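It should be emphasised that the depicted structure is a prediction, and the values quoted were computed from it without experimental measurement.
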2 protein chains.
Amino acid sequence: MRTGINRQLRLTSRPVGDIKESDFEYREEPIPSPQEGEILVRTIYLSLDPTNRIWMSDMEQYMPPVEIGEVMRGAIIGVVEESKNQNFKQGDLVSGLLGWQDYAIAEGNSGFSLMRLPAPLPCPLTTFVGPLGFTGCTAYFGLLDIGQPKVGETVVVSAAAGAVGSIVGQIAKIKGCRVVGITGSDEKCRWLVEELGFDAAINYKTVDLESAIAQACPDGIDVYFDNVGGSILDAVLTKINLHARIPLCGLISAYNATEPVPGPYNYSHLLMKRVRVQGFIILDYIPRWSEAISDLGQWLNQGKIKYALEVVEGLGNAPKAILKLFNGNKKGKLVVKVSEEPS
Amino acid sequence: MRTGINRQLRLTSRPVGDIKESDFEYREEPIPSPQEGEILVRTIYLSLDPTNRIWMSDMEQYMPPVEIGEVMRGAIIGVVEESKNQNFKQGDLVSGLLGWQDYAIAEGNSGFSLMRLPAPLPCPLTTFVGPLGFTGCTAYFGLLDIGQPKVGETVVVSAAAGAVGSIVGQIAKIKGCRVVGITGSDEKCRWLVEELGFDAAINYKTVDLESAIAQACPDGIDVYFDNVGGSILDAVLTKINLHARIPLCGLISAYNATEPVPGPYNYSHLLMKRVRVQGFIILDYIPRWSEAISDLGQWLNQGKIKYALEVVEGLGNAPKAILKLFNGNKKGKLVVKVSEEPS
């Protein structure tokens, strides 16, 4: 048995409205030992994602919610410290859905619970929580498989400066589309246009959104990659084109709601314009993961995709850091550095 | 020039809330004469459809609204009285989107503006406003092309005793599905189950809808053919299955609204269950019309599809009759008999 402690953050209450730091409880436990077929993984990077908020609630959702008292679920990058599974060996770098803790036992079967990263690493390790991780693949399959953008079409993405949105827009540019991002600050608008090559960006907090969309999308909207729902979706629907596609990736505007949230008031436009809305969850695309990684890796190498990464130091800061996902106060991908990368 | 009068009903005001008879104005005009390339059509049957309510409004819609003062638009079956177009001859039976009037000039180009019916007629003429007309084809393409039901799946349809819904359910039965109809009276429930072969029917006015749906759909819902939107959609979404399909055909619950109508409160289920919602309008399927007619005609001949038809006598009664579409007080297809069938 390994000595040392396993710091954990456990869900102690379901948030009402915004997440509070007190919704998590800090615990120290012994480091667990893997049984036959299992692996001990040390967490290096913990990904913070809007979907964490879903798991913390008991709303209707796509996986079982995290139970009160359980270690908070999270996507992580880690290193195998000890393996009793023939598919993994000590020192392997892996990604998976594990938890907000220093160490976790993983079963090591195939699927999203654990995936081995390529060795030697072709790029910085953090890339695998960002553009080559869940977020990049979410952008890739949501836009290309569901959105099906064609050359010359107009693609609008909300939460455009977020980890997913910023990749969506750059893929749409690669595919020859006009790309318009909706985000929450002038600084992020500048980043999208000047650094990432978006054709236009709209700060929804300071404009009349319908007019701004009409101006930025003179030919209407063919694909709307929706991360937020709510009033932004309603504004987009006023300019939606015939036979448009709406990959429904997230509804962040509703996650913190304490009252029932209505669907879009312009829902009837789906009928009138024969629009397709398709909800998706990246876990459904695990069997096609390599398609995304191959294309995204190439685009990264070619400099066609850039990404921003904000690294918060220390597991203990995760409960405070996750609030940044909801107050619009970050660019790109947000991760917590839990322990050192192997040298 | 033909003598006689052309009775017309013109739109005189956009309805606020329910349609009122006073939203139409009765006019008499001379019977028009076709110019080169045109056809004079005498209306025999006028189809009354929920979509008429859309055209009467100035809401965002899929065709130009009927302008104030214009003859009300409607799907009709008629006979060619005079032709200056080589594709049609006197006596041809046709269907098309013409108007609430005795006589209309049609351009005779291809497309939905005018289609010639088969000669000799393989079935009663009224069949071509019902199961072999726009309504039957709407049911056919919406269910099969968008809903894509598989053997053993559960299909739910709202406005199930309506012209479209009653056909949807029967096609779904032919395709080997469990079929549940939602309608507004016990008498219509009996008709759906006992006459049309639905597996279950729910009178949404007298039950707790969520519980009733749960009971009628023990395996959840794979396809929801939506004619109504609103609270029925919300109830259906509580039992929607992973990767379900929702052909969005109509939103009749919202057509008479005088305030903005929110989309479904359970919109987030589209994300969590990775549901596809696809709006459609039957006019998009005109190029594939013959597929539907071929299958539907065969099923009618084999007695696998039954239909109900309510015939109202006289053009002047159309403004009163159309109210039946919105008060739930009819079964199957509602048509106005405007003039006699050719003997």
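Residues of residues 268-280 of chain B placed with any heavy atom under 4.5 Å of a heavy atom in chain A are listed by number as B:Ser268, B:His269, B:Leu270, B:Leu271, B:Met272, B:Lys273, B:Arg274, B:Val275, B:Arg276, B:Val277, B:Gln278, B:Gly279, B:Phe280. The interface of residues 217-247 of chain B with chain A, defined by heavy-atom distances below 4.5 Å, comprises B:Leu233, B:His243.
Counting only heavy atoms from C-beta outward, the side chains of A:Tyr265 and B:Val261 never approach each other to under 4.5 Å.
Contact annotation for B:Ile146: neither backbone nor side-chain heavy atoms come within less than 4.5 Å of a heavy atom of chain A.
The number of heavy atoms from other shown groups lying within 6.0 Å of CD (A:Gln148) is above 12.
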